[in-house]
Structures are given as structure tokens and as C-alpha cells.
Amino acid sequence: MEKQALLQEFHERFGREGAQARVFFTPGRVNLIGEYTDFNGGHVFPASLSVGTWAVARPRRDGIYHFQSTNFDLTAQTEVSSIVYKKEDDWVNYPKGVLAELLELAGDEAAVYTGADILFHGNIPNGAGLSSSASIEVLTGMALSELAGCPVDKIELAKLSQRAENKFVGVNCGIMDQFAVAMGKAQHAIMLKCDTLDYRYVPVELDGYTIVITNTNKRRGLADSKYNERRAECESGLAILQQSMPGIETLGDVTYENWQMYKDTITDETVQKRVNHVISENTRVLKATDALKKQDIALFGELMKQSHESLRDLFEVTGKELDVLYEEACKVDGCIGTRMTGAGFGGCNVSVVKNEAVARFQEEVAKHYEERTGLVPEFYLCDISDGAKEI
Ligand code: GLA
């Protein structure tokens, strides 16, 4: 939707009275490599997309926040003095959680949050693992802090959005998604170390290749509880390794060589597999960003494939649909790298495909995926765009 059309929709819903409404945008993201490394203090390599979420927002003076969306019928409101999680508020729990964090951050200055009308509109496929929730969170943080006249810097917005998701929504996610959608840069991916938040932008120049995102169109059922379970397994693995290596604070601190030396101290086979994935994946991110800088796209693609296999066999978060997409993508001549992206259990795959093979890739993958799963996939050509901004 264009800015003018969004404003018009806002005025029809909330009237024209009051201050000038402002419009903000936050993208979705795709992670090129580095899965389940973020909450383990490792590296990730995401990029922000051109699809995303818009918000039209205007301040009120009565302490009430009204939330509406063009995508969902459900609307909800909250008083600034009593923000509570309500299951029936569904998607509105994301902006409410962020508002609660904004108030906490503002401390003695919290009185600047006087209420607002806010209309959301998004075009990120829902539940596809392209960070539609992180997009709403960071967007809310930017819009409401701007309206209150106390803008919060983008890294702080990412951090408070993650806290909202952890504490308010109850998913123990890492920082990757919120950081990527806040800080994204057109034509670049972000090499981020997730414990220190040191980051650098790496140009994504894939001469002759296209990044294709394929949606399994499988809804991510039970994903949140499995996600929290994986996180707990990683934490128990870390606690065991710390007995031999007291200096480590996260799994991201463990080199592959040290892992080889101490892996047998973890006797639980499942926990050992989870940790094996995290440590090898972290090494792959470093190799992959290096390969990209040297324009070694073949190596980059190979590392993507290794990443998928590790997520399938060791971390066990792929599932039938993502594995079928992976297998069918690997068979297409001209597809040089492919893997699941995001939390898994459904959602999307990301592939690097030679430009001249993109049409054939879509045709062949769609045909065989549908035959094998009964589901129709969707394809999006990845367009790496800027992070959160006012428009
Ligand atoms: C989800 C989470 C992220 C990250 C990925 C897996 O997208 O929100 O924090 O853990 O899964 O890499």
C-alpha cells in the first residue's frame, strides 16, 4: 500500500481530528546462514527484505493505545497504566509487550507516553519464518517512542523488542530477528556477533545469481515450545562444558578444536548433537562471510547446504516439508546453495540460484514439492532493503 492510501485508511478508521499522523516501516528478514547461534552468543548473517510492516500512528492525550490492522479483524486497546498479556488479544500482544518495555525504559519520564491510535499493515507472509513478529515489535517501538518525543536508538529498539518477546509473549528468542529488521541495509547482509552486538555490513554482490526464498506454506505448529526446548538443551550443554572450560560464557566462545577435545564430557546424546550443531554452524558463518567477500559463491553455497544438513540431523528443526524443499532444490542444475532459514518446523527455505536457472528452479521445485507433500510452495525473489525508518 502506498503512503497516501495508508493515511486514508487510517483517517477512515480513526477520523481526521488531532495531530498529523506519521508513517513508519520495518522490514522482514531472511537469514542467509547462522541458525540457532544467536542465543548461544555466536554469529548470524541476516539481511532485511523489501516486504515488511507499516504503521500509521497519531498521539492521543487520554492514556489509551488503540491498535488496528488491515490484515486482521481483531482490534484491541490498552490503557497505558495497565498493560497485561491477554490470549484473546492475539497479535496485539506484540505491540503491547513493546509498549510495556518502552515505559520501563523511560522510567521517571514514562508520562510522555500519553496514548495513540495506530494502524498496522503488513505484507510479510504470516508464520513463514520471515520475522513478521520482530517487524511489528521494532516498528511499534520506533513509532510510539517517536510520537512520545523520546526516540530510542535502533539497537536499543532491537533489544527492548527481544525483551518484549521473551517476557511478554513467552518465546525465548535471541536477538537476530529484531536486530536485522531494525538495522538492515539495502544490498548488504549483517555479520552480527550476538553477545557483544558487534556488527558489520557485508555487501551481497552475487554476480549472476539470485537469492530465492521458497515458502513451504506449512504452518509452524508447536514451534514455540520446541524452540524453548532447544534453547534449554543448549544451556544444559553449556553448563557441562563450563566444567572443563571455566572461561567460556557462551557456546559461541568454544572453538571447533576445543569442542573436539571436550565433546565426550556431554554424555546425553541429544544434548551433544545440539551443541555440535551450534559450534559447527558458528564456524560456518565465519567461513561463509569470508567466501562472500572473496566472491567464492560456490563455497558459500556449499556451506549453506552443510548448514541445512546440520539443522536436519543434529539440531532436528527441519521437518518433512523443509527437507523435501532442500532435496528438490539440490537437484536443480544451477542451484548452488540452499537451506532452511529462521526457526524451522515449516516456514521458508533460502537458495542461491544462477539467474538463468531461476524460472526452471521454481517450476521443478514446485512440481516435485507438491507431488511429495500435497502443498503448493510460494517463491519470492529476495530484494535486500533498508531497516526500520519513518517514511
Ligand atoms: C527465530 C528466533 C531467532 C533465532 C532463529 C534461529 O527466528 O527469533 O532469535 O534463534 O529462530 O536461528
Side-chain angles (χ1 to χ4, degrees), residues 26-49 94 97-98 124-138 158-184 189-195 197 199 213 215-216 219-235 238 250-252 274-275 277-282 284-285 288 303-304 306-308 310-312 314-319 322 339-350:
T26 303
R29 68 95 190 90
V30 63
N31 188 22
L32 299 179
I33 193 162
E35 225 61 82
Y36 284 98
T37 43
D38 65 349
F39 58 69
N40 287 304
H43 295 86
V44 292
F45 196 48
S48 52
L49 300 170
Y94 292 103
V98 170
I124 304 173
N126 212 359
L130 300 177
S131 291
S132 55
S133 36
S135 178
I136 293 182
E137 289 159 1
V138 169
K159 292 203 276 193
L160 74 86
S161 297
Q162 182 202 12
R163 288 200 297 274
E165 183 140 352
N166 292 167
K167 288 163 38 188
F168 203 79
V169 182
V171 179
N172 277 328
C173 66
I175 190 71
M176 170 170 73
D177 302 349
Q178 290 80 5
F179 195 97
V181 305
M183 296 291 289
I190 310 173
M191 166 64 156
L192 172 68
K193 176 84 165 71
C194 296
D195 52 351
L197 298 189
Y199 69 98
I213 298 170
N215 189 348
T216 58
R219 289 206 69 81
R220 301 195 304 126
L222 283 183
D224 294 351
S225 59
K226 290 275 179 217
Y227 186 95
N228 289 348
E229 184 184 292
R230 292 296 180 280
R231 183 160 185 164
E233 288 162 348
C234 291
E235 278 160 11
L238 173 65
T250 67
L251 293 178
R274 306 299 188 240
V275 176
H277 164 74
V278 172
I279 294 173
S280 57
E281 180 79 352
N282 197 31
R284 276 189 288 275
V285 185
L303 291 160
M304 289 176 83
Q306 288 174 15
S307 166
H308 184 93
S310 178
L311 288 156
R312 179 189 65 197
L314 300 176
F315 216 69
E316 298 178 287
V317 290
T318 52
L322 282 168
R339 60 184 289 275
M340 60 153 265
T341 182
F345 307 106
C348 283
N349 160 291
V350 57

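Counting starts at 1 for both ligands and their atoms, following the listed order.
Proximity of H277 to E316: side-chain heavy atoms (C-beta onward) are nowhere separated by under 4.5 Å.
Close approach to Y227 involves these atoms of ligand 1, each under 4.0 Å from a residue heavy atom: 1 (C), 2 (C), 3 (C), 4 (C), 9 (O), 10 (O), 11 (O). The contact set between ligand 1 and R29, taken as ligand atoms under 4.0 Å from a residue heavy atom, comprises 7 (O). Atoms of ligand 1 lying under 4.0 Å from at least one heavy atom of D38, given by number and element, are 3 (C), 4 (C), 9 (O), 10 (O). Near M176, meaning under 4.0 Å from one of its heavy atoms, ligand 1 places the atoms 4 (C), 5 (C), 12 (O).
Donor-acceptor pairing under 3.5 Å is lacking for the side chains of S307 and R284.
In terms of N/O distances under 3.5 Å, ligand 1 is approached by D177. Distances between N or O atoms of G174 and those of ligand 1 include at least one value under 3.5 Å. In terms of polar-atom proximity, E35 is counted as a contact of ligand 1, with an N or O under 3.5 Å from an N or O of the ligand.
One distance of note links NZ of K159 with CZ of F179; it measures 9.5 Å at 0.5 Å rounding.
Between Y36 and Y227, the ring planes are tilted. Angles from 30° to 60° get that label.
Just one of E233, E235, E229 meets the side chain to side chain donor-acceptor pair (under 3.5 Å) condition when paired with R274; it is E233.
For the residue pair E137 and Q178, the shortest heavy atom distance occurs at OE1-NE2, 2.9 Å.
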